Structures are given as C-alpha cells and as structure tokens.
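A quick write-up on the structure given underneath.
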Amino acid sequence: MKYDFTRIEKKWQGKWEAEKPFTALYGSEKPKSYILIEFPYPSGTGLHVGHPRPFTAMDIVARKRRMLGYNVLYPIGFDAFGLPTENFAIQNKVHPMVVTKNNILRFTSQLKKLGYSFDWSRCVDTTDPEYYKWTQWIFLKMFEHDLAYKALIPVNWCTSCKCVLANEEVVDGGCERCGAEVVRREKSQWMLRITKYAQRLVDDLDDVDYVERVKVQQRNWIGRSVGAEVDFKTTTGDTIRVFTTRQDTLYGATYMVISPEHSLLKKWSVENADEIHTYQEDAAKKSDFERTELVKEKTGVEVKGVRAINPVSGKEIPIFISDYVLASYGTGAIMAVPGHDVRDWEFAKKFGLPIIEVVAGGDVEKEAFEDCETGIMVNSPLINGLNVEDAKVKITKWLTENGLGVEKVNFKLRDWVFSRQRYWGEPIPIVHCEKCGYVALPENELPLILPDVENYETTETGESPLAAMTEWIITNCPKCGGFAKRETDTMPQWAGSSWYFLRYADPDNKNALASKQALDYWTPVDWYNGGMEHTTLHLLYSRFWHKFLYDIGVVPTPEPYMKRTSHGMILGEDNQKMSKSRGNVVNPDEYISEFGADTLRLYIMFIGDFEKAAPWSHNAVKGCKRFLDRVWNLAEAKIEGRATSNEDLSKEHETAVHRAVKKVGCDIEVLKFNTAIATLMALVNEFYITKPNRMEIKLLLTLLSPFAPHIAEELWELQCFEGYASGQPWPEYDEGKTIEANIDMAVQVMGKLRGTINVPVDSEDEFVVRTAVSDEKIARCIESKEIMRTIVVKNKLVNLIVK
RNA sequence: GCCGCUGUGGUGGAACAGGUAGACACAAGGGACUUAAAAUCCCUCGGAGGCAACUCUGUGCCGGUUCAAGUCCGGCCAGCGGUACCA
C-alpha cells in the first residue's frame with residue numbers, strides 16, 4: 001500500500017479531536033511543563049508558512065515532554081483585536097466581530113490540519129468580553145496604583161492609520177504596520193508608567209534563561225545610564241539642571257545647550273527673542289524623524305543676555321538652544337564638553353566655541369576624545385591625575401556635598417502610550433467627570449462591552465469612532481453620580497497579549513483572571529518561543545504587566561517566562577522576505593494537500609538553523625516527503641519478533657540506535673531540530689542496508705512521533721504495538737552502547753592526515769602508536785625518519801611528529 | 001556611529017569542548033528498471049593534477065598561538081538585525 005498521507009492525517013486528527021489526548025490535566029500528580037508559543041493574530045489571509053516554524057518546534061518539545069512524563073500545557077489562542085481586521089471591516093462593511101470569528105475558524109481548521117498537540121479546550125480569544133473583562137480589570141488596577149495616567153504629550157501619529165503609536169511601534173520614522181509617515185502631534189493620551197519598572201526590567205534579566213540576543217536588545221532598549229544631575233546657576237538667578245554621564249569632564253563644560261522646548265525660555269526676556277522663536281517654531285514643525293535625519297549638520301541659536309556659571313570653575317559660559325538636545329530625555333538640558341563628546345565637538349567647531357582638554361590622551365583639536373579607559377584627568381583642579389572612573393566618584397561626592405548635584409540613573413525607556421483612536425480594541429473603562437476628573441468604572445460593571453457603531457472609521461479630528469456615539473458616551477459618574485463622559489479611545493493591540501498566558505491556566509474562570517491555585521501550579525511559563533520582532537514590544541510589555549501583577553499579589557512569580565528562545569524568519573525562494581508584492585509567498589495549505597502535514601512539519605524543521613532566517617525550497621520539501629516514503633516502506637508490513645526492551649536490538653544496529661536516541665533527544669532540547677532529523681534520516685538509511693528488527697522499528701517510530709505524529713501513529717498501529725507512539729515513554733539510551741567496539745582513528749604525520757587505523761575503543765596510547773606505524777601507508781610516510789614525539793587523542797587521532 | 005549576529009561546495013546546511021571539514025538533504029551527471037515518463041534503486045559529486053594508488057590545495061581577507069585552527073587571539077573586509085543627536 002502506498003503512503004496515503006491524506007487519509008492517515010484525517011484519521012488521526014479525527015481521533016485526537018474525539019479522544020483529546022493532549023489536554024492538560026487539572027490537579028495532576030505529575031510535574032508540570034508549560035510550553036508557550038506566541039498566539040497568532042487571525043489575519044484575513046490565513047495561516048502563513050512563518051507560523052508553523054515556531055508552532056512545530058514547540059509542538060515537538062511539548063510532545064517530547066509528555067513522553068518524559070510531564071503534565072504539559074501547550075495552549076493556543078487568538079490575539080484578535082487589531083487594525084487589519086478593522087480595516088477589512090471598513091472596506092467590506094462587515095462587523096469586525098464577524099470578520100474575527102471567520103478568521104479564527106479558518107485559522108483553527110488550518111492549525112488542526114498540522115496536527116499540533118494544542119490543548120484546544122483552553123483556547124482564548126482576546127476579543128471575547130469574558131476575556132477582555134480581565135484586560136480591563138488589570139488596567140483598572142494599574143489606574144488604582146497610579147500606573148495609568150492621562151497626559152497631554154507629543155505623540156507619534158500615523159497619518160494613514162489615523163492613530164497614535166507607541167515608541168516601540170515606530171520603525172524608521174514610519175508606522176510599524178503600514179509604513180506610512182509618522183508625525184508628531186500633541187494629544188491627551190492614556191499612558192502606562194512602564195518607566196517605574198525600568199530598573200527591575202533590566203535587573204531581573206539576570207534571573208531568566210533568555211537567549212542572549214534578546215537580553216541584549218531589551219537592555220539596549222531600556223537604556224540604563226548612570227551619571228549625575230548637576231545644577232548650573234545662571235546670570236538671571238535661575239538654575240538649569242543637566243544630566244550627564246561624564247561628571248568627570250565638568251571643568252571642560254564651555255557652554256550649555258538646552259532643548260528648544262525648555263521651560264526657562266518662556267520666563268527669560270532675551271535679547272534675540274525673535275531668532276529664538278523662529279528656531280523653536282522650526283523645531284516644533286519637524287517630526288522626530290526629520291529631526292534625527294539631519295544628523296550631519298548641527299543647528300542652534302545662542303540665547304543672548306543670559307549666561308550660565310560653571311559650578312566648578314566659576315566661569316560664565318554661553319547658553320544655546322539646539323534640537324540635538326531632546327526635551328524628553330534627562331532634564332532637557334546638557335552641559336557641553338566639546339573636548340570629550342563628538343556632538344558637542346561638532347557644535348563647538350561650527351560656532352567657534354572654546355574646547356578645553358580635561359582628559360589627557362587624545363588631541364581635542366582634531367577630534368573629541370571619549371576614551372574612558374586610558375584617559376587621565378587634567379586642567380581639573382579637584383580631580384587632576386585621576387583616571388576617569390575615580391574622577392567620576394570624587395566629583396560626584398563633591399557635588400553632593402556642596403548641594404550642586406546628585407548621582408542619577410536615567411533610562412531611554414519612555415512611558416507607554418496606551419490609547420488608540422480606533423474601534424477594534426478593548427474600551428478603556430474610565431469615565432471623565434467634570435467634578436471628579438478621571439474615575440474608574442466599578443469592577444462589577446466589567447466587562448465594559450464595546451458597543452456597535454455605524455461607522456468604524458476614525459473621525460476627521462482624529463478621534464476614535466466611539467466618539468460619535470453620544471448615547472454610549474454619556475453616563476453617570478460612579479463617584480458623584482453627576483454627568484460624565486466615557487473614554488472613547490481603546491487599548492492598543494498589545495494589551496490583550498500582555499497577560500494571555502495567565503488565562504490559559506484557568507480560561508473559564510468567572511471570578512478572577514485565573515484562580516490562585518491554577519496560577520501557582522502552571523506559572524511561570526517554562527519555555528516561551530517567539531519572534532525577535534517582539535523583543536521590545538510584547539515581550540517587554542508582558543514582563544511589565546506581570547511584575548505589576550506580582551506586586552499586587554495576583555501572580556506568584558516576578559517573571560512570567562523562565563526561558564525564551566527565538567526563531568528565524570522563513571524567506572521566499574528568492575531569499576527575500578515573503579510579501580504579496582514580491583509574489584514569493586508560500587501557502588501552507590497547498591503543501592499540506594500535495595505532500596501532507598507530516599512532510600511540511602518535517603521540512604520546516606529541517607530547513608536550517610532554527611534561530612536563523614532560512615529560504616524556502618520547494619525541492620527540499622520533496623526530499624522530506626521521500627524520507628517519509630522510505631519510513632513507510634520500511635514499516636508498512638508487520639515485522640515479527642520481540643520488541644520489549646533495548647536488549648532486543650540487533651548487533652549491527654545497536655550502536656546506531658543508541659546514538660540516535662541520544663542525539664535526537666539532546667538536539668530537541670537545544671533547538672537543533674535539523675540535525676535531529678538528519679540523525680533519523682541516517683538511521684533509516686542504515687535500515688535500508690540491513691533490515692531493522694521489530695524493536696528497531698519501534699524505537700524509530702517513537703523518535704519520529706514528535707516530528708511526524710500522523711505517520712508514526714499509523715505505522716505504530718500497523719505494527720500492532722500497544723497504545724500510541726505519542727503515549728510511549730521517551731526512550732532511554734545506554735551511553736556505553738553509543739560507542740562501537742572498534743573505531744577508526746585518524747593518523748596524522750606532522751599534523752597532516754595520512755590514513756586511518758581501526759582499533760578497539762579506549763586502546764592504550766602505546767598500542768595505538770604501534771598500530772599506526774605498522775600501517776603500510778603510514779610506514780611509507782615516515783620511513784627513514786625518526787619519530788620525535790607522538791600525540792594521541794583518545795579514540796580520535798594520533799599525530800606523529802617526525803624528523 | 002554604537003550594540004549584536006553571520007561569512008563553509010552549485011544550493012540549504014553539518015562539524016561535541018582546538019582533533020579525519022563538507023554529516024543530512026537538494027540540485028546536477030551517469031547507470032539499472034520501464035515501450036516511455038514518473039516513482040524507486042545503485043554510483044559520482046569542493047578545486048587542481050594523475051590510468052591508478054595517490055598528491056597538492058581548500059571554511060571572507062591578512063597575520064599570530066599550537067603537534068594540530070572552520071573553531072582560539074590580533075587586525076581588516078562584506079552582509080544581516082537592532083538602535084540612533086539618549087548627553
């Protein structure tokens with residue numbers, strides 16, 4: 001019989017649907033293992049080949065964990081709020097809820113066709129009011145703890161989505177999603193105080209097992225820098241506070257620069273007010289992107305009539321405004337040390353300002369000397385002769401003692417702009433009362449249901465579509481009962497995904513986001529795999545929410561995920577990112593119907609290094625199909641014999657099988673699925689040379705089952721083995737049996753390979769050398785030469801040094 | 001600019017912890033089977049030379065350490081990702 005994957009896959013998927021063997025158990029005695037993938041956004045275009053890569057990888061891990069005896073939670077859900085659905089709804093005049101339901105149905109059937117061992121009974125949908133009730137609840141808790149606040153701030157405004165974006169959502173000056181231009185606008189927005197957690201978000205990375213590149217990227221994004229705040233008096237009697245990481249160079253501060261938005265500018269009456277004003281207006285007009293794009297050329301205007309006083313030298317120095325100083329970082333003002341900062345140096349050269357060397361070691365006339373390692377302080381009476389590190393300590397102490405400054409840590413991380421002027425998101429459960437201000441909705445009014453609207457489009461003034469719903473907006477203040485208006489902005493897409501993994505622990509709970517008992521048992525997540533693109537978005541956001549929930553006693557651990565790994569992207573056959581416009585998109589459905597889900601699963605894991613990007617190859621898929629055909633032909637007919645333990649392995653295959661068990665098991669743990677599969681292929685190749693016995697087939701199917709579960713179960717059944725392949729304990733191997741009795745050792749002469757010898761494993765060095773020199777070929781290489789030295793690496797090689 | 005990663009056959013990629021470079025596949029070529037094709041099976045497959053045994057050479061480039069370097073060190077070059085006037 002031919003390998004009829006269509007029939008087989010349908011059969012086993014039906015069985016899994018009916019018997020639900022992958023359901024995570026409540027109250028199990030077994031140790032738990034929580035394996036998590038990033039739940040998909042159910043887009044209208046259906047499943048993409050990018051999805052199965054992480055899903056299959058973690059499915060293999062989950063299946064192996066079950067075989068190892070764990071109570072595994074491998075859940076799935078849908079992150080379904082979001083713009084594409086809303087846009088589709090607008091264009092096609094359908095309710096986004098309808099679009100979402102359809103998309104989820106389609107995704108569900110596509111995912112089921114891939115044979116994943118998800119626990120479907122715990123499936124969550126972020127747009128379900130029973131779910132977003134708790135998203136809103138967490139927001140209310142944050143509001144209660146002063147972590148959610150409303151502020152008038154300059155925001156990133158996407159001109160195409162007509163919506164604000166978080167800093168994390170702006171990519172190259174454009175919208176992360178649609179690529180359209182992002183401009184700055186002043187808007188009153190809900191904000192989350194993620195900055196309050198900045199320090200802990202950095203520090204606690206030390207306690208989790210994340211791949212290093214993820215940690216590095218988060219640390220960079222949070223951008224912790226240690227320095228000092230220093231007060232500079234001015235000739236008007238005001239104080240300008242600056243932030244610097246180079247307190248040591250204070251004597252070299254020959255001018256100051258403040259941002260064009262600095263508040264003191266409003267207070268001062270300066271000689272060149274018009275000039276200043278023009279510059280301020282120009283700066284305000286520019287988007288952040290434009291401001292940073294003109295990196296090359298520094299601009300600025302001197303504030304005439306006011307001067308600052310260097311607190312250590314007592315010298316008067318000029319003050320400039322320039323847009324290279326950002327209002328939003330530090331204090332919005334800097335002390336400029338042109339000798340030891342490239343930006344200040346450029347500015348000083350352009351404006352003819354003095355450059356003083358305070359750290360010896362470079363040539364400050366030629367370029368700024370920024371080296372902190374080797375430099376020695378000069379021209380700085382308080383700290384001359386010290387190295388940079390010691391100078392920092394001493395000057396900070398001096399500043400503190402004299403009330404002129406204080407040590408300070410700053411972060412690049414900004415608070416999270418949390419409101420969106422869109423329809424398809426969680427309503428923010430806050431009302432605005434003229435008397436009481438912003439008031440939280442009482443918990444018993446949750447969920448605040450997203451009302452039906454006529455029109456899903458953002459209003460011309462840039463308000464949420466909800467703003468047009470007067471009936472819904474007008475309500476009573478929960479505090480004073482008076483007239484109040486509901487918040488019309490909704491939450492960003494990242495809200496629902498910031499805590500979804502907690503809901504999986506107890507998805508039907510009506511009284512809490514999950515019961516304490518369920519959270520205590522299941523959390524934290526043991527292994528979370530996801531895309532690098534979420535490192536500074538979802539991954540950071542959810543760590544923040546989790547820490548907050550930990551602080552208020554809702555979750556038992558300070559970190560949500562113990563381990564985080566990341567997969568590479570699947571590229572098109574042309575080695576380019578898949579996109580509709582390039583026409584290189586691969587549809588997984590077509591491959592499932594042409595080759596079967598097992599082949600697709602296998603190929604997508606065999607494609608290359610899991611952590612790196614890999615181009616799709618139609619031909620290589622065929623190779624994986626060929627492998628499964630070969631497995632089928634090997635095991636289709638029942639093999640007679642005994643298959644009760646490893647003792648039943650044949651002599652000729654014993655080593656290869658023990659090795660395969662070891663290699664496949666280890667490789668899965670370190671994400672080396674490609675070499676695990678290569679090992680299985682090699683084993684099958686051996687079985688084509690000498691036929692496998694019953695036990696050997698049994699082990700092959702057991703090892704194969706996490707990768708290609710359908711064919712493994714079918715062949716298991718055809719062999720009349722008991723139970724299911726997926727229900728077997730993960731096989732054990734004997735380390736001693738992974739080594740053959742006799743091995744080939746390389747023989748080198750002067751470091752060059754000259755031959756191989758076959759010797760018993762663990763042979764004595766002396767014996768190895770004797771065997772080597774008596775080898776005919778080797779003897780020829782060393783004849784008439786004297787052996788000076790021999791190097792033997794046990795079971796590997798022997799190197800003869802001759803003269 | 002800064003931070004991180006990566007450079008290995010025609011291609012995707014292997015190589016534990018410095019120890020036989022190219023596992024496992026794909027493509028290509030040859031052969032068997034077939035009326036034929038597909039499928040399957042067998043052989044060859046980094047480069048150069050040789051009838052052959054074999055020899056030389058080869059992991060982005062230059063140098064170093066070592067009995068031995070794809071792997072370690074120093075200096076470059078190229079590509080990818082992140083970040084971007086963050087003081």
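Convention: sequence-line order gives letters A, B, ...; per-chain numbering from 1. Worth knowing before you read on, the calculation uses all heavy atoms, side chains too, and leaves out hydrogens, waters and symmetry mates. What you are looking at is a predicted structure, and each value in this text was computed from that prediction instead of being measured.
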Heavy-atom closest pair (A:His340 atom, A:Ile356 atom, distance to 0.1 Å) is NE2-O, 4.1 Å
Worksheet item: Are any of A:Asn674's side-chain N or O atoms less than 4.0 Å away from OP1 or OP2 of B:C24?
Response: no
> For atom CE of A:Met532, is the number of surrounding heavy atoms from other residues, nucleotides or ligands below 6.0 Å larger than 12?
Replying inline: yes
For A:Ala333, answer base if it contacts any base atom (sugar-phosphate contacts may also be present), sugar-phosphate if it contacts only those atoms, and nothing otherwise; contact means non-hydrogen atoms under 4.0 Å. nothing
Answer with base, sugar-phosphate or nothing: what part of the nucleic acid does A:Val793 contact at a heavy-atom distance below 4.0 Å? base
Go through the side-chain N and O atoms of A:Thr396 and A:Glu407 and say whether any donor and acceptor fall under 3.5 Å apart. no
Readout for nucleotides 62-79 of chain B: B = base within 4.0 Å of protein heavy atom, S = sugar-phosphate only, - = neither; 5' to 3' it is -----B------------
Query raised in the report: Within the structure, does a side-chain N or O atom of A:Asn685 lie under 4.0 Å from either OP1 or OP2 of B:A25?
Result: yes
Would you classify A:Gly330 as touching base, sugar-phosphate or nothing, given that sugar-phosphate means primed atoms plus P, OP1 and OP2, and contacts are heavy atoms under 4.0 Å?
-> nothing
ask   = Please walk me through it: do A:Asn529 and A:Thr565 pass side chain to side chain donor-acceptor pair (under 3.5 Å)?
value = CA-CA 5 Å; A:Asn529 183 83; A:Thr565 53; 2.7 Å; yes
Begin from the C-alpha positions of A:Trp616 and A:Tyr603 and carry the test ring-ring contact (aromatic ring centres under 6.0 Å, His included) through to its verdict.
-> CA-CA 9 Å; A:Trp616 187 262; A:Tyr603 171 63; 4.9 Å; yes
Ring centroid separation for A:Trp345 and A:Phe369, is it under 6.0 angstrom? no
In 5'-to-3' order, the base (B), backbone-only (S) or no-contact (-) status of each nucleotide in nucleotides 37-52 of chain B, using a 4.0 angstrom heavy-atom cut-off, is ---SS-----------
Contacts of A:Tyr197 meeting ring-ring contact (aromatic ring centres under 6.0 Å, His included) (sequence neighbours excluded), chain-then-number -> A:Phe544
For A:Phe232 and A:Asn310 the tightest heavy-atom approach is CE2-CA, 4.0 Å
5'-most contact on RNA chain B (nearest-nucleotide basis), A:Ile607 vs A:Ala678, goes to A:Ile607
Once you apply a heavy-atom cut-off of 4.0 Å, does A:Asp344 come out as touching a base, just sugar-phosphate, or nothing? nothing
Discussion item. Side-chain N or O of A:Asn619 versus OP1/OP2 of B:A27: is the shortest distance under 4.0 Å?
Written reply: yes
Take atom NZ of A:Lys350 as the centre, draw a 6.0 Å sphere, and report whether it contains more than 12 heavy atoms from other residues, nucleotides or ligands. yes
5'-most contact on RNA chain B (nearest-nucleotide basis), A:Asn220 vs A:Lys672, goes to A:Asn220
Under-4.0 Å side-chain N/O to phosphate OP1/OP2 contact, A:Thr675 with B:A23: no
Quick one: does any side-chain atom of A:Tyr688 pair with a main-chain N or O of A:Arg630 as donor and acceptor, under 3.5 Å?
yes
With a non-hydrogen cut-off below 4.0 angstrom, is A:Ser225 in contact with a base, only sugar-phosphate, or nothing?
sugar-phosphate
Check whether the ring centres of A:His534 and A:Tyr541 lie less than 6.0 Å apart, and answer yes or no.
no
Residue set satisfying ring-ring contact (aromatic ring centres under 6.0 Å, His included) with A:Phe347, at least two apart, ordered chain then number -> A:Tyr255, A:Phe320, A:Tyr324, A:Phe351
Protein-proximity profile, nucleotides 53-60 of chain B, B/S/- by nucleotide at the 4.0 Å heavy-atom cutoff, equals -SSSS---
request  = Answer yes or no: is there an ion pair linking A:Arg246 with A:Asp248, defined by an N-O contact shorter than 4.0 Å?
outcome  = yes
query = Contact class for A:Phe606 vs. all strands (heavy atom < 4.0 Å): base, sugar-phosphate, or nothing?
reply = base
Here the distance between atom C1' of B:A84 and atom CG of A:Leu413, to the nearest Å, is 16 Å
Symbol by symbol from the 5' end, with Watson-Crick or G-U pairs under 3.5 Å, [ ] crossing and | another strand, RNA chain B is (((((((..(((......[....))).(((((.......))))).((((....))))..(((((..]....))))))))))))....
